[in-house]
Participant: 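Shown below is the structure under consideration.
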Amino acid sequence: MDKIRVAIVGVGNCASSLIQGVEFYRQQRRSNGNGNGNGNGNGNGNGNGNGHAHQDLKSIGLMNEEIGGYRALDIEFVAAFDIDERKVGKPLEEAVFALPNCTKTIVEKLPKYGFKVSMGHILDGVSEHMKDYPAHRTFLPSKAKPCDVVKVLKETDAEVLLNYVPVGSEEAARYYAERALEAGVSLINCMPAFIVSNPEWAQRFRDKGIPCVGDDVKSQLGATILHRTLTQLFMDRGVKVDRTYQLNTGGNTDFLNMLNRTRLSSKKKSKTMAVKSILGEDFPDENIHIGPSDYVPWQNDNKISYIRLEGRHWGGLPINVELRLSDEDSPNSAGVVVDAIRCIKIARQRKIGGPLLSVCAYTMKHPPQQIPDSIAKGFLREFVEGNRER
């Protein structure tokens, strides 16, 4: 299989987790390269035991080990853009570990990727309040001259552009979407700026014949997907949901950035609609609260989520569910993005333009069309197999 050439906007915790994870699966595949031969040669007992161990390790944490014949290790990073002085001009393999990144290490050492992080365009990417926090917690904007993004994308033959700009960076999100269109590169919009789910933007990608996926990536098993699942369970079992909330705390730059509540309108809408779409459009707004709650520095990339649903079952009697979820936030999103990347590759090979509706519904909180997760999973599989156009 040929490689999937990926460029990244924002070398933060999410990008770091994705890049490290791809290398992790590459190393596991390499260590298992002769597993079958050795196993057969050493006998059934040892062979089967070793084979199962390798199989578990090289596929653990993946929703789909292969998509259209592509594995995680078939992703190749060819360009990256950032605005922090500790990352700009640095080799990618160094930048992913630079402050203020604080996600847990998956692999100790990355290979040399052969390029340095380019200076991006700041625009509205840095909230004013960020300057009031210690350097190891916040962004330090570089004074370097911004690069020609389209030129970099074309020179590196990038096929996919991942948007990881901070929440609330609406201008920056639109800027990079424009550059993707200009360069003929597919966009995966991981942030809650409504581009792929906006009919006008969607039509522009469709007219150009460029596939795209968005908006606002779900976690592999995070607060939103868990909240949706619990809500669907209530609905499926005939329990009337009266009110619900989701409260989240974390200590990475994402949570620090979101202390500026003026940047949260699209984020709150994205997360709320992901759950409200299960409850129905007529569910009272005052009875649902979903969104970031506070910044706790010592949590670093660990995210703590509190979910509560209050409802009524048989005879109108009350039933309540409370749940606490603790997870490493950024790797949780990487486990979903890796599938979106591979689906984009398939769509490019098939010359499909515009939003991939099945992929968006399965991987994003605010897709063009909300579909229950179990159904979206089936639609994605049909798309991969060629039985669904998009």
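Values below: every heavy atom of this structure, side chains too, minus hydrogens, waters and symmetry copies.
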Participant: Is the shortest side-chain N to carboxylate O distance from D373 to K218 below 4.0 Å?
Facilitator: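 Judged by the 4.0 Å cut-off on N to carboxylate O distance, D373 and K218 do form a salt bridge.
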Participant: Could you tell me whether D339 and R342 have a side-chain N and a carboxylate O separated by less than 4.0 Å?
Facilitator: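 A salt bridge links D339 with R342.
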Participant: Would D216 and K267 pass as an ion pair if we require N to O under 4.0 Å?
Facilitator: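 Salt bridge: yes.
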Participant: Checking S266 side chain against P192 main chain: does a donor-acceptor pair fall under 3.5 Å?
Facilitator: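 The answer is yes, because a donor-acceptor pair under 3.5 Å joins these two groups.
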Participant: Closer than 4.0 angstrom, basic N to acidic O: yes or no for E23 and R26?
Facilitator: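 Yes, charged N to carboxylate O under 4.0 Å.
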Participant: Is R350 positioned over the aromatic face of F383, cation under 6.0 angstrom from the ring centre and no more than 45 degrees off axis?
Facilitator: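 Yes, a cation-pi geometry.
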Participant: Side-chain contact, heavy-atom cut-off 4.5 Å: D327 with L221?
Facilitator: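 No; the side chains remain at least 4.5 Å from each other.
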Participant: Side chains of N248 and K303, heavy atoms from C-beta outward: is any pair under 4.5 Å?
Facilitator: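 Heavy-atom side-chain distance check passes, below 4.5 Å.
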Participant: Quick one, L18 and I341 - any side-chain contact, counting heavy atoms below 4.5 Å?
Facilitator: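 Answer yes - side chains close enough.
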Participant: Quick one, M191 and S169 - any side-chain contact, counting heavy atoms below 4.5 Å?
Facilitator: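 Counting from C-beta outward, M191 and S169 never come under 4.5 Å.
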Participant: If you draw the axis of the six-membered ring of Y175, does the NZ or CZ of R179 fall within 45° of it and under 6.0 Å from the ring centre?
Facilitator: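 Checked: cation-pi criterion met.
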Participant: Is the side chain of N332 donor-acceptor paired with the backbone N or O of G335 at a distance under 3.5 Å, no angle test?
Facilitator: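 No, because the side chain of N332 does not come within donor-acceptor range (under 3.5 Å) of the backbone of G335.
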Participant: Inspect the contact between E178 and R204 and indicate whether a charged nitrogen and a carboxylate oxygen are less than 4.0 angstrom apart.
Facilitator: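 Answer for the salt bridge query: yes.
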